[in-house]
Amino acid sequence: MSTDQAKIKPSGLAWRLVKDQLLSEQQMLDAYQEAMTQGRAFVRHLVEQKLLDSRRIAIAASHEFGVPLLDLGAFEPSNLPLNLVDERLISKHRALPLLRRGNRLFLALSDPTNDQALEEIRFNTGLATDAILVEEDKLQAAIELAIQSQDTTNVSDFVDSDLEKIDVGGDEDEQRDESDANIDEAPIVRYINKILVDAITSGASDIHFEPFEKFFRIRFRQDGLLSEVANPPLNLAGRLTARLKVMSRMNIAERRVPQDGRIKLKLSRTRDIDFRVNTLPTLYGEKVVLRILDSSSAQVGIEALGLEAEQREAFLNAIQKPYGMILVTGPTGSGKTVSLYSALNILNKPEINISTVEDPVEIQVAGINQVNMNPKTGLTFASALRSFLRQDPDIIMVGEIRDLETAEIAVKAAQTGHLVLSTLHTNDAPQTLTRLANMGVAPFNIASSVLLIMAQRLARRLCVHCRTKVDIPPAALREEGFTDADIEDGITVYGPVGCQHCNKGYRGRVGIFQVMPVTEATSRLILEGGNSMQLADQAQREGIYDLRQSGLRKVKSGMTSLEEINRVTKE
């Protein structure tokens, strides 16, 4: 048993599984520690990793604790008292309300020792809570179905007659100017709402409204690439722009300077989408760009990012350290924020104080103190960081390190017992270290504070329905970077085709990563003033894949195409 394992305290259910010889003690401890590291329930981890069948776990739990085992299939989802328990608590604790009888609420759980779930739901509902044991896989399916049934309004359900009724809110800090009555007329309202709904439905990340001399176009950014979706009449350009400015609480009379705003689109009782809005005066009018901020789509688990097994292990080890700095680097739109929040979701526990400052906050998470940067009022990254250090923090996340002042405060925080997460705009992990040095951070401060650097890109995933094999000669594969061993083992390279399930042969995106822990050898090189090429060579000696090599591994697995990897990694 390792020192770390000696510190963990598995539940009674875990020991019962050992007693029933369903798991060895070492298997149980390994699984329990891994579940804790990933912020996942123990029973769920056993089932998802296929270490044990959910029914055998449920039977063992029923015998151990004398709790009745129920078949969830006997319950109709529409009859469940879901309105009694907040959806967040259902998802957080994996506890499904089954039945209310008087002042008692019966909850379906796959682990009857989950006292925290019973206590928190009892506190929030004011009802006494009792556990009913169910199988984990059936519980998972029932929770998903129950939450879907609560939110019956899907984006695709909207028809033209509904589009005017969508509840739109903006940034309350700005004053609305209603000097132009045309912007609120029904056709303009309906058209703008339809564009926003279509963008959400198609999975777009940005919407561009662009005026030119002879035409006006609207483009969506889907899977990282822009595509034209509409060409409204040019004489409507001013009214469409004005409507967007009113929705985001901007000054519609001001057309000479850029403006920032925010739109909240309430699609249903349980789902709303935020848009970050920016206007820019161009030669032929104001260009408006909306960034879609859908928190539900951004909060993915660490497994879904696309990290290779050894990269995920290095990243998880780093975020469990009590202090130090973790940097995520890459161009705008490469998924850095999602990676950071995947880590924060694991670390977000009642006993830990987490504070973030961002420009702006894109993903809202309960339990994390989030601050929007506001230079107009003097609230910069540096000033927010100083305030955080007086707020008894455990973990600090800085949206971006842009200047020496912010960098020095972040380094000081990392050296004084805080875990600091942040981003930088550099091409790869080794260049991040030299960028900090060029900003003016002393090499000994870099070496003593930075734990790990993760560079990343986003590549489009091939559609599994229509991808096709591509025949590439061995010489061409070697030129692209594949090794002789790869070629001898046999490589199947796939390319895009295009079908009704995808967008030109691709659907969704996957991350490509270079995860570089700062080892003793790397620290010595930093102290000696080594450049980014020397640091990259050291990383290669330590077996760390660069972005290109990680991309080629995704090609080998059939996840993406060689041309897509060339687009995002070839210099």
Side-chain angles (χ1 to χ4, degrees), residues 155 158 163-202 204-211 216-221 226 229-230 232 236-268 271-282 284-298 332-333 337 358-364 370-377 379 399:
V155 179
F158 286 103
L163 291 169
E164 293 171 60
K165 303 173 187 176
I166 295 177
D167 186 9
V168 176
D171 189 340
E172 299 300 332
D173 292 339
E174 300 291 337
Q175 296 298 315
R176 173 173 173 169
D177 184 338
E178 300 192 51
S179 59
D180 188 346
N182 289 334
I183 59 180
D184 280 335
E185 63 186 48
I188 296 295
V189 171
R190 191 161 54 245
Y191 187 80
I192 289 292
N193 287 353
K194 186 176 190 313
I195 290 294
L196 301 185
V197 168
D198 286 349
I200 297 166
T201 307
S202 64
S205 61
D206 301 85
I207 313 170
H208 293 240
F209 293 82
E210 301 171 304
F216 184 79
R217 74 180 178 189
I218 300 173
R219 294 190 291 173
F220 292 169
R221 186 176 293 279
L226 284 166
V229 294
L236 292 181
R239 285 151 72 185
L240 292 172
T241 300
R243 172 62 187 165
L244 288 166
K245 291 172 73 175
V246 164
M247 291 169 71
S248 49
R249 301 294 194 264
M250 295 180 188
N251 181 357
I252 64 170
E254 179 57 78
R255 301 181 178 90
R256 299 164 300 171
V257 296
Q259 295 186 66
D260 291 296
R262 202 174 180 102
I263 297 172
K264 181 182 285 291
L265 205 66
K266 193 168 183 62
L267 298 171
S268 69
R271 189 182 182 197
D272 48 43
I273 307 289
D274 285 346
F275 297 82
R276 189 179 75 210
V277 188
N278 177 264
T279 66
L280 180 70
T282 67
Y284 302 105
E286 289 179 284
K287 175 178 177 177
V288 185
V289 176
L290 285 76
R291 165 65 58 88
I292 301 174
L293 310 175
D294 186 356
S295 297
S296 62
S297 66
T332 301
T337 302
E358 300 163 76
D359 183 23
V361 173
E362 295 190 9
I363 303 171
Q364 297 178 23
Q370 297 172 282
V371 176
N372 266 322
M373 196 183 84
N374 189 349
K376 292 178 184 176
T377 61
L379 183 57

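In this chain, residues are counted from 1 in sequence order.
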**Request:** List for me each residue that meets side chain to side chain donor-acceptor pair (under 3.5 Å) alongside Q370, sequence neighbours excluded, and say none if there are none.
**Result:** Y341

**Item:** side chain to side chain donor-acceptor pair (under 3.5 Å) partners for N372, two or more places apart
**Value:** none

Heavy-atom pair of closest approach, residues [X] and [Y]:
{"X": "I192", "Y": "F209", "result": "CD1-CE2, 4.0 Å"}
{"X": "R262", "Y": "V361", "result": "NH2-O, 3.1 Å"}
{"X": "P211", "Y": "Y284", "result": "CB-O, 3.6 Å"}

**Asked** Taking atom CD1 of I273 and atom CG of L293, what is their separation to the nearest 0.5 Å?
**Response** 9.0 Å

**Request:** First locate atom CG of L244, then atom CE of M250, and finally report the distance between them rounded to the nearest 0.5 Å.
**Result:**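 Reported to 0.5 Å precision, the distance equals 8.5 Å.
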
**Partners passing side chain to side chain contact (heavy atoms under 4.5 Å, CB included) against T241 (at least two apart in sequence or in another chain)** =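 If we apply the side chain to side chain contact (heavy atoms under 4.5 Å, CB included) test to T241, skipping adjacent residues, the hits are K245, E286, V288.
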
**Request:** Kindly write out the residues that satisfy side chain to side chain contact (heavy atoms under 4.5 Å, CB included) with P258, not counting sequence neighbours, or none if the list is empty.
**Result:**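 Listed in chain order: L280, P281.
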
**Item:** Qualifying residues under salt bridge (Lys or Arg N to Asp or Glu O under 4.0 Å), relative to E210, sequence neighbours excluded
**Value:**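 In terms of salt bridge (Lys or Arg N to Asp or Glu O under 4.0 Å), with neighbours along the sequence ignored, E210 is linked to R217, R219, K287.
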
**Item:** Qualifying residues under salt bridge (Lys or Arg N to Asp or Glu O under 4.0 Å), relative to R221, sequence neighbours excluded
**Value:**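 Testing R221 for salt bridge (Lys or Arg N to Asp or Glu O under 4.0 Å), a comparison that skips the adjacent residues, returns none.
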
**Message:** Quick check against the 3.5 Å criterion: does Q259 have a side-chain atom that pairs as donor or acceptor with the backbone of G261?
**Reply:** no

**Asked** Any donor and acceptor pair, going by atom type alone, linking the side chain of E358 with main-chain N or O of V371 inside 3.5 Å?
**Response** no

